[in-house]
Amino acid sequence: MGLKVYNTLTRQKEEFTPLHEGFVGMYVCGPTVYSHSHIGHGKSYVSFDVIVRYLRYLGYKVLYVQNITDVGHLLDDGEDRILKQSKADRIHPMQVAEIFARSYFEDMDKLGAVRADISPRATGHITEQIELTQQLVEKGFAYEANGSVYFDVRKFADYGKLSGRNLNDMMEGTRVESRSEKRHPADFALWKKAEPEHIMRWPSPWGEGFPGWHVECSAMSMKYLGESFDIHGGGLDNQFPHHECEIAQSVSATNKPFVKYWMHNNLVTVAGQKMSKSLGNFVTLKDAFKKYDPLVVRFFILQSHYRSTLDFSDEALNGARSGLEKLVNTLRNVHAEIAKAEAEKRPETREIDLQAHRTRYRDAMDDDFNTPQAIAELFDVAKDVNQALNSYKKISASELQSVAKFFQELGVEVLGILAKEPSLGVSADGNIQVELIQLLIDLRNEVRQQKLWALSDLIRDGLKKAGITIEDKKDGTVWKKTT
RNA sequence: GGCGCGGUACCCAAGUGGUAAGGGAGAGGUCUGCAAAACCUUUAUGCGCCGGUUCGAAUCCGGCCCGCGCCUCCA
């Protein structure tokens with residue numbers, strides 16, 4: 001059974017077969033950099049990160065492109081988001097873009113999202129956007145009006161196909177467009193004339209102006225991935241109008257299919273309502289990281305399916321923390337046990353059916369990237385492992401290493417929810433703090449021998465306050481940093 | 001109003017025809033000086049409600065109730 005992907009275009013799961021064997025071209029709509037990212041952004045980019053990682057795990061060579069929008073994304077009142085922020089902060093718009101682009105990368109790095117291979121910026125691709133707009137004008141799909149250029153949606157028969165709507169339905173219930181320069185209310189800007197006070201402006205065949213929001217994604221995706229490519233991803237809220245417009249522009253310009261698989265992640269909710277900047281119910285990632293380890297946030301996100309909504313609450317996040325800790329503890333114990341097994345030269349064992357677990361894990365991921373089920377499989381392995389470690393069976397070093405490899409590949413490399421190196425907290429690495437902690441543990445074990453429990457607990461509590469948790473095992477005391 | 005999605009235990013959340021995954025929390029137990037960790041047992045005769053199809057439905061069909069998203073910027 002091969003990989004199946006839910007395609008928004010056909011509204012069903014389809015067998016995944018890339019346009020070019022062994023190669024996947026993938027574009028994901030990136031952030032508009034005018035403020036810090038929130039949990040919702042985290043869900044989107046972590047979701048697509050796992051998709052990229054899994055495709056690579058399957059052996060595909062993936063070219064992953066994700067844009068940075070730093071111009072042209074207009075608000076209701078026609079003001080550019082970035083310009084608005086720059087006025088509020090009294091700094092140059094490109095400073096705004098730079099500050100929040102860095103903030104975005106910082107947050108995503110913490111979440112363990114692998115960086116895109118190419119992160120093109122809209123302002124760096126003005127030429128391409130003008131060229132695309134020009135093509136559309138020449139072919140009659142777009143028209144100039146008063147220094148701006150609009151796409152004529154009535155010229156594109158499939159407009160609305162992706163989002164399942166038609167122009168007539170859209171006419172009704174839509175606010176009457178007062179701007180008379182458009183021929184149809186749904187027509188969208190490819191190029192906008194810059195008013196005199198508009199700072200971000202570029203020369204064009206239609207005078208000074210700036211590109212519309214939708215055109216950047218068409219221009220940049222096709223530049224780096226070709227006129228037709230495999231996967232285009234983004235948040236569900238970008239399905240219309242953004243992605244609809246991208247299809248209209250790209251197909252009209254090239255007369256070729258644009259994207260084979262459209263993928264949309266669902267949104268993060270708070271008390272059932274969408275987390276968004278306009279509602280003001282958002283939690284920035286930076287704030288979340290003050291309370292929760294970034295990997296806990298990542299784990300929380302991946303415990304639900306990317307196409308499901310995910311309800312954010314402290315209760316749920318705390319639950320995720322405890323759950324992830326269980327996996328981390330297990331992996332740490334496995335690594336500790338490996339050292340013992342090697343020292344004891346234990347004979348070969350086969351206690352855990354890793355192959356069966358791996359198959360179930362892959363079946364889950366092959367089914368449209370079902371990460372919750374894949375994670376459940378990791379927990380099942382953890383249970384098997386802990387049962388074995390709890391019993392008096394002596395698992396061999398090589399079997400333990402297979403378990404460690406299992407977690408390394410499927411938990412670290414594909415899902416990215418486990419850190420590369422579990423902190424064992426049992427061996428000194430020359431670090432004086434480690435030596436001191438070990439000294440305290442030895443001291444405590446000495447007083448425990450003498451049954452001086454109060455003194456023993458004083459040391460344990462003191463270490464706990466210092467962020468060190470200790471566990472007394474059958475064959476010795478281990479410690480770890482408190483999460 | 002149009003289009004779409006969802007309602008599964010105390011919380012989060014898989015499951016789309018074969019008799020309810022997983023995690024957290026709670027309860028009891030094993031282990032332990034006590035903790036911690038881990039393990040064991042336990043917690044939905046039932047998956048919004050009402051009908052229907054079927055040997056069999058959380059899953060399919062119809063109706064209803066509720067929530068949400070998009071249609072205007074949003075990951």
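Order of the sequence lines fixes the chain letters, A, B, ..., with proteins taken first and strands second; residue numbering starts at 1 for each chain.
- At the heavy-atom level, Asn238(A) lies under 4.0 Å from the strands shown only through sugar-phosphate atoms.
- As a whole-Å value, the separation of Lys161(A) NZ from G4(B) C1' is 17 Å.
- With sequence neighbours left out, Ala388(A) forms a side-chain contact (heavy atoms from CB on, under 4.5 Å) with Ile395(A).
- Ring geometry, Phe16(A) versus Tyr261(A): the interplanar angle falls from 30° to 60°, so the pair is classed tilted.
- Atom CZ in Phe299(A) sits about 9 Å away from atom P in G23(B), given to the nearest Å.
- Partners of His41(A) under the ring pair (Phe, Tyr, Trp, His ring centres under 6.0 Å) rule, at least two apart in sequence or in another chain, are His38(A).
- Rounded to whole Å, the P atom of A35(B) lies 14 Å from the corresponding atom of A27(B).
- Taking a pair to require two hydrogen-bonding distances under 3.5 Å in either a Watson-Crick or a G-U wobble arrangement, C60(B) pairs with G52(B).
- Ring planes of Tyr306(A) and Phe48(A): tilted class, angle from 30 to 60°.
- For the salt bridge (charged side-chain N to carboxylate O under 4.0 Å, His left out) test, residues two or more places apart in sequence or in another chain that qualify with Arg115(A) are Asp109(A).
- Atoms CD (Gln239(A)) and P (C68(B)) sit 20 Å apart, rounded to a whole Å.
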- line: With sugar-phosphate taken as primed atoms, P, OP1 and OP2 and all else as base, the protein-contact string of nucleotides 29-40 of chain B at under 4.0 Å (heavy atoms; B, S, -) is ----BBBBSBSS
Donor-acceptor pairs are to be reported for all side-chain atoms of residues 267-277 of chain A against protein atoms at under 3.5 Å, with residues two or more places apart or in another chain.
| unit_1 | atom_1 | unit_2 | atom_2 | d |
| --- | --- | --- | --- | --- |
| Thr269(A) | OG1 | Leu310(A) | O | 3.4 |
| Thr269(A) | OG1 | Asp311(A) | OD1 | 2.6 |
| Lys274(A) | NZ | Asp237(A) | OD2 | 3.4 |
| Ser276(A) | OG | Ser278(A) | OG | 3.3 |
| Ser276(A) | OG | Leu279(A) | N | 3.2 |
| Lys277(A) | NZ | Ser35(A) | OG | 2.7 |

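- Between Trp262(A) atom CH2 and A75(B) atom P the separation is 15 Å, expressed in whole Å.
- Tyr104(A) and Glu106(A) form no side-chain donor-acceptor contact under 3.5 Å, judged by distance and modelled atom types alone.
- By the salt bridge (charged side-chain N to carboxylate O under 4.0 Å, His left out) test, Glu246(A) pairs with no residue at all, sequence neighbours left out.
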task: Let me have a per-nucleotide readout for nucleotides 9-17 of chain B, 5' to 3', with B, S or -, counting only protein heavy atoms under 4.0 Å.
output: --SSSSS--
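- The stretch residues 108-119 of chain A has no heavy atom under 4.0 angstrom from RNA chain B at all.
- Sorted by residue number, the members of residues 28-53 of chain A with any non-hydrogen atom under 4.0 Å from RNA chain B read His38(A), Gly40(A), His41(A), Ser44(A), Tyr45(A).
- Summarising the base pairing, G1(B) is matched to C71(B) through a Watson-Crick or G-U wobble pair whose two defining distances lie under 3.5 Å.
- Both Thr269(A) and Lys277(A) lie close to RNA chain B; mapped to their nearest nucleotides by heavy-atom distance, the more 5′-ward contact belongs to Thr269(A).
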Name each donor-acceptor pair under 3.5 Å that joins a side chain in residues 378-386 of chain A to protein atoms two or more places apart or in another chain, with its distance.
| unit_1 | atom_1 | unit_2 | atom_2 | d |
| --- | --- | --- | --- | --- |
| Asp384(A) | OD2 | His357(A) | NE2 | 2.8 |
| Asn386(A) | ND2 | Thr330(A) | OG1 | 3.1 |
| Asn386(A) | ND2 | Ala382(A) | O | 3.1 |

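- Nucleotide G17(B): unpaired (no Watson-Crick or G-U wobble partner with both distances less than 3.5 Å).
- Taking atom CG on Leu295(A) and atom P on G23(B), their separation rounds to 20 Å, with Å as the unit.
- Applying the salt bridge (charged side-chain N to carboxylate O under 4.0 Å, His left out) test to Arg321(A) and every residue at least two apart in sequence or in another chain returns nothing.
- Residues passing the salt bridge (charged side-chain N to carboxylate O under 4.0 Å, His left out) test with Asp368(A), sequence neighbours excluded: Arg307(A).
- Contacts of Lys274(A) with the nucleic acid, taken as non-hydrogen atoms under 4.0 Å apart, include base atoms.
- Distance, Glu377(A) CD to G23(B) P: 11 Å, rounded to whole Å.
- With both pairing distances under 3.5 Å, A38(B) is matched to U30(B) as a Watson-Crick or G-U wobble pair.
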